[in-house]
Every structure is written in C-alpha cells, then in structure tokens.
Amino acid sequence: MPSSEDEREEDRISAEPLLEKIETGAPAPSLRKRYVAATIAAVVLTALSLFIWTLRGKIEPSNSSGLCRKPAVRREWRELGSLGRLEYLRAVKCLSSIPSTVCNGTLHDEFAYIHRMIGDYSHEAAPFLPWHRYFIHIYEQTLKKRCQYEGTLPYWDWTRDWANLTQAPVWDATEGFGGNGNVDLPTTVGDGRCVQDGPFAGLQVQYYNEDWNPHCLSRGFLTGELQDHFGAQRLNSSAMAAVLDEPGYYGFVLKLEDGPHSAIPITVRGDFLRFTAPNDPIFFLHHGQIDRLWWKWQSKDPEARMLAYDGPSRHNSSVTAQLTDPIEMVGLAPDVSVSSVMNINDGLLCYKYQD
C-alpha cells in the first residue's frame, strides 16, 4: 500500500513521484562472506524456532531439510485453471471461519493485524522485500495447514492488465475476488464501499489501519484519468523496465515499492489503501507478483544480487541493514533471519515462479 508519511495520516491519493535512483550494492565476494556469517549465526535459532512452531501446528516450513530438490511452482492467476482458482478461493474463505489466537478476529484478520502492527517497519527500508517474502510464505503455509489447501500461492501479473487494471480477471465474480464496492452504498473506509459480489461479498473484517473498526470488505476503484495516472503509468513497459534495470538493491526496493507496488492499492482503494491491506485477499496475489519481480531481478545476476541487501534496517532508521537482522512477526510465526529468505530455492523456502 502507499507508504509515504502523508498517506499514513489521511485517505487521499498522493501524486508523489518515484523516489530518485540510489546506486547501492556490494561486490559478490563480500556478500558471500556476509551470507556465510549470517547463516552460521542464525541457523540454529531459526531451526529451533521453526521446529517449536511446527509442533504447535501454527506453520510448517516448506523446506525444513534445507535442500530444495522439487520446488513448488507458483502460477499466475489465469494459469491455475477453473478448479484451481475455485479451490484457492475456498481455502482463503476458510481462514475467516477460524478464530485467531493472535488478535480479536479470525485467521484472516491476523494477517491485516500483524501487517499493521509490525510490517510497516519494513516499508521504505531494506526489509521491505524479505519481510513480505516471508509474510506471504506464512500465509501460504497457513492455507495448507489450517484449510487443507494443496496448491501454491498464485500471483497476479498486473503488467498484463496495465491498460485497464479494474477489468482484470482477478475481479471476476465467479472465479475471482469480486469487483468494485457497490457505488450505490455509503462510503466505508479508504474511499471505498462494501463489496457485494463474488466469494467475499459481505465479508466482515475487524481492523482498519490503527483502529479496531469492524466493517465490510471495501473497494473504491479509480476510473478514467486517475486510474491511468496512478495505475497504468506506473505499470506500463517503460515504467517496469526502469524498475528492473536498477542495479543496486536499495534503489530497486524504492523504485519497486513507490512505483508498481503502490499503483495497485491507490487504484483499488478501500481496505487496500492502508497498512491493514491484507483485509483484501487480493493483497497476497499482489505481493506474490512483487516477490516474483524481486526474484527476476535477483536472477539477472545471481552472483551479485542473490545476497544483495543494504539500506536502512527499518523505516526512518539510521542503522544499516544486515543479513543477520531478524524478520519480525510478533507471534504470527517465528522470527527468522533475513539471510534465510534471500534465496527461494534454498534454506527455509523451496518454490519457483512459472516463468
């Protein structure tokens, strides 16, 4: 969601330009040494924490052996097929029927609550990408563990829909997430209105930004020139090329977060507009795409980029980020080191993207 200071305070659309390019990064040999040190320092604590949480039934590592021989394949929403889409939607709905032990609400509410409570520290900072990589991994594992989902987390490649985001197949009322809020109803949150079609019609969520605020799942799609300005112009081919061509890690983070990443919540609005954005289930497909783009960026130059990690350690911090830093989840799942999620084919994670 939008992460500038102004957008934290008011439900208004910001026209801030992309942050200026910041050239960063360290040579591969230095990164290798840092990674080895980080792995040695973190592996015992991470393994023990994951083992304890597995016993508690909260989460199961997808790659507990540390060897990724058969990575799971994450597919674009359109490529799941009808049965695959319906099964994913079933599992997501299931979360809203299971009480939470973390917050006042359901398992569905947990993710919005945690993202608001702690996830904001990662925005406009080095942890933005690894924090969300781990966060959506936890979500995927929760679907499997608690709702018997046997598939993988899909992603929404919105570069295929950049010219008209609100007509994308993900908004289908039968095999998608439902569409815009009902324009004939009163405004609820984030300049949105209650969603009344699709599988999440009538879904009640418990939080909005910093407040306990029970309300209906809400969206308020931008249209016309506003949609073009805040959506299409950040997602067209030239805009995406400018992001993916950024050579340094932290410069890439800033361009990705304040460009394509922010385009979707600004366009969708409603619940998606604030740090409780996981209220809207489309959040996880959106961040699947963000993670995919990071992986594509890493894969362009694995020796230099797989372990590239620099910038502030948290939002508005002067402390430099390190691979040994913990990814904080405050009860949703065990904290793990940044180093443990830098490679999706090694360590804690074992998956790949369709392309």
Side-chain angles (χ1 to χ4, degrees), residues 1-2 73-96 108 111-112 115 132 135-136 139-140 143 147 149 151-183 190 192-203 205 216-223 226-228 230-232 234-236 240 256 259-273 276-293 353-355:
M1 73 291 255
V73 180
R74 289 183 177 176
R75 292 180 167 83
E76 210 275 337
W77 183 249
R78 279 161 275 224
E79 309 304 324
L80 289 184
S82 179
L83 292 179
R85 290 190 288 271
L86 292 174
E87 173 59 11
Y88 180 78
L89 294 170
R90 178 206 62 79
V92 172
K93 288 181 66 177
C94 162
L95 294 180
S96 63
H108 177 82
F111 288 89
H115 191 265
H132 286 87
F135 187 64
I136 64 174
Y139 185 77
E140 180 182 50
L143 291 175
C147 292
Y149 179 58
T152 56
L153 185 72
Y155 62 92
W156 172 25
D157 182 3
W158 20 251
T159 65
R160 297 169 62 173
D161 305 300
W162 68 269
N164 195 344
L165 290 171
T166 60
Q167 296 301 310
V170 293
W171 308 120
D172 185 77
T174 303
E175 295 185 6
F177 296 79
N180 195 15
N182 187 332
V183 297
R193 294 173 173 82
C194 293
V195 173
Q196 292 196 312
D197 68 342
F200 303 102
L203 175 65
V205 294
C216 57
L217 173 65
S218 301
R219 298 181 185 129
F221 290 169
L222 288 182
T223 59
L226 288 175
Q227 184 185 145
D228 179 71
F230 290 104
R234 297 186 183 195
L235 300 175
N236 62 33
M240 294 306 303
L256 181 61
H261 164 264
S262 290
I264 302 303
I266 288 175
T267 299
V268 175
R269 299 192 301 174
D271 275 292
F272 213 154
L273 196 58
T276 42
N279 278 338
D280 194 328
I282 202 68
F283 171 95
F284 296 94
L285 275 69
H286 173 50
H287 270 279
Q289 167 75 343
I290 295 296
D291 186 62
R292 171 177 170 264
L293 292 174
Y353 286 98
Q354 188 174 27
D355 60 350

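Model, not experiment: these values are computed from the prediction. The analysis underlying the following values was restricted to heavy atoms, covering all of them including side chains, and did not include hydrogens, waters or symmetry mates.
- Atoms CG and CZ, on Leu143 and Phe284 in that order, are 8.5 Å from each other to the nearest 0.5 Å.
- In this structure Asn236 satisfies the side chain to side chain contact (heavy atoms under 4.5 Å, CB included) test together with Trp162, Gln233, Ser238, Ala239, sequence neighbours excluded.
- Take Tyr353 and apply the side chain to side chain donor-acceptor pair (under 3.5 Å) test, not counting sequence neighbours, and it matches Arg74, Asp291.
- Put simply, the side chain of Trp158 reaches to within 4.5 Å of the side chain of Ile264, judged on heavy atoms.
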Given side chain to side chain contact (heavy atoms under 4.5 Å, CB included), test Val73 with Thr152 step by step and report yes or no. CA-CA 7 Å; Val73 180; Thr152 56; 5.7 Å; no

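- Remark: Asn180 CG to Phe221 CZ distance equals 5.0 Å, nearest 0.5 Å.
- Residues Thr276 and His115 are not in side-chain contact: their nearest non-hydrogen atoms beyond the backbone lie 4.5 Å or more apart.
- A pairwise comparison of heavy atoms in Ser82 and Glu175 identifies OG-OE2, 2.5 Å as the closest pair.
- Applying the side chain to side chain donor-acceptor pair (under 3.5 Å) test to Asp157 and every residue at least two apart in sequence or in another chain returns Thr159, Gln289.
- For Asp228, there are no salt bridge (charged side-chain N to carboxylate O under 4.0 Å, His left out) partners at least two apart in sequence or on another chain.
- A search for side chain to side chain donor-acceptor pair (under 3.5 Å) contacts involving Thr223 returns nothing, not counting sequence neighbours.
- Take Arg75 and apply the salt bridge (charged side-chain N to carboxylate O under 4.0 Å, His left out) test, not counting sequence neighbours, and it matches no residue.
- Taken from CG in Leu86 to CG in Leu80, the straight-line distance is 10.0 Å, to the nearest 0.5 Å.
- Side-chain contact between Arg85 and Asp172 is absent, with no heavy-atom pair separated by less than 4.5 Å.
- Listed here is the closest heavy atom pair of Gly176 and Leu89: O-CD1, 3.4 Å.
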Worked check of side chain to side chain contact (heavy atoms under 4.5 Å, CB included) between His261 and His287: CA-CA 8 Å; His261 164 264; His287 270 279; 3.5 Å; yes

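- Considering all non-hydrogen atoms of both residues, Cys147 and Arg90 come closest at O-NH2, 2.8 Å.
- Here Ile290 contributes atom CD1 and Leu256 contributes atom CG; the two are 4.5 Å apart, rounded to the nearest 0.5 Å.
- Under the 6.0 Å cut-off for aromatic ring centres, Trp156 and Phe283 do not qualify, their centroids lying 6.0 Å or more apart.
- Atom CZ in Arg160 sits 13.5 Å away from atom CG in Leu165 (nearest 0.5 Å).
- The salt bridge (charged side-chain N to carboxylate O under 4.0 Å, His left out) test applied to Arg78 returns Glu76, Asp161, not counting sequence neighbours.
- Listed by chain and number, the residues in a side chain to side chain contact (heavy atoms under 4.5 Å, CB included) with Ser96 are Thr106, His108, Leu203 (sequence neighbours excluded).
- Ring planes of Phe272 and His286: perpendicular class, angle over 60° (limits at 30 and 60°).
- Contact record, Met240 with Pro260: SD-CG, 3.6 Å, taken as the closest heavy-atom pair.
- In terms of the side chain to side chain donor-acceptor pair (under 3.5 Å) criterion, residue partners of Gln196 (sequence neighbours excluded) are, by chain and number, Asn182.
- Arg193 is linked by a side chain to side chain contact (heavy atoms under 4.5 Å, CB included) to Thr187, counting only residues two or more places apart in sequence or in another chain.
- Checked by atom type and distance alone, the side chain of Asn279 never pairs as donor or acceptor with a backbone atom of Ala112 at under 3.5 Å.
- In this structure the side chain of Leu285 reaches within 4.5 angstrom of the side chain of Tyr88, judged on heavy atoms.
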List the steps, then state whether side chain to side chain contact (heavy atoms under 4.5 Å, CB included) holds for Tyr155 with Gln354. CA-CA 10 Å; Tyr155 62 92; Gln354 188 174 27; 3.8 Å; yes

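- Using a 30° and 60° split on the angle between ring planes, Phe135 and His132 fall in the perpendicular class, above 60°.
- In this view, Val195 and Asp197, Leu217, Arg219 satisfy the side chain to side chain contact (heavy atoms under 4.5 Å, CB included) rule, not counting sequence neighbours.
- Nearest approach of Pro199 to Gly178, heavy atoms of both residues: CD-N, 4.1 Å.
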Take Gln227 and Thr267, measure what side chain to side chain donor-acceptor pair (under 3.5 Å) needs, and give me the verdict at the end. CA-CA 6 Å; Gln227 184 185 145; Thr267 299; over 6 Å; no

Start with the C-alpha distance between Val92 and Phe200, add both sets of side-chain angles, then the distance that settles side chain to side chain contact (heavy atoms under 4.5 Å, CB included), and finish with yes or no. CA-CA 9 Å; Val92 172; Phe200 303 102; 3.6 Å; yes

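- Between the Ser218 side chain and the Asp271 main chain, no donor and acceptor come within less than 3.5 Å of each other.
- Residues Trp171 and Ile282 meet the side-chain proximity criterion, which asks for heavy atoms closer than 4.5 Å.
- The aromatic rings of Tyr139 and Phe111 stand perpendicular to each other, their planes meeting at an angle above 60°, with 30° marking the opposite boundary.
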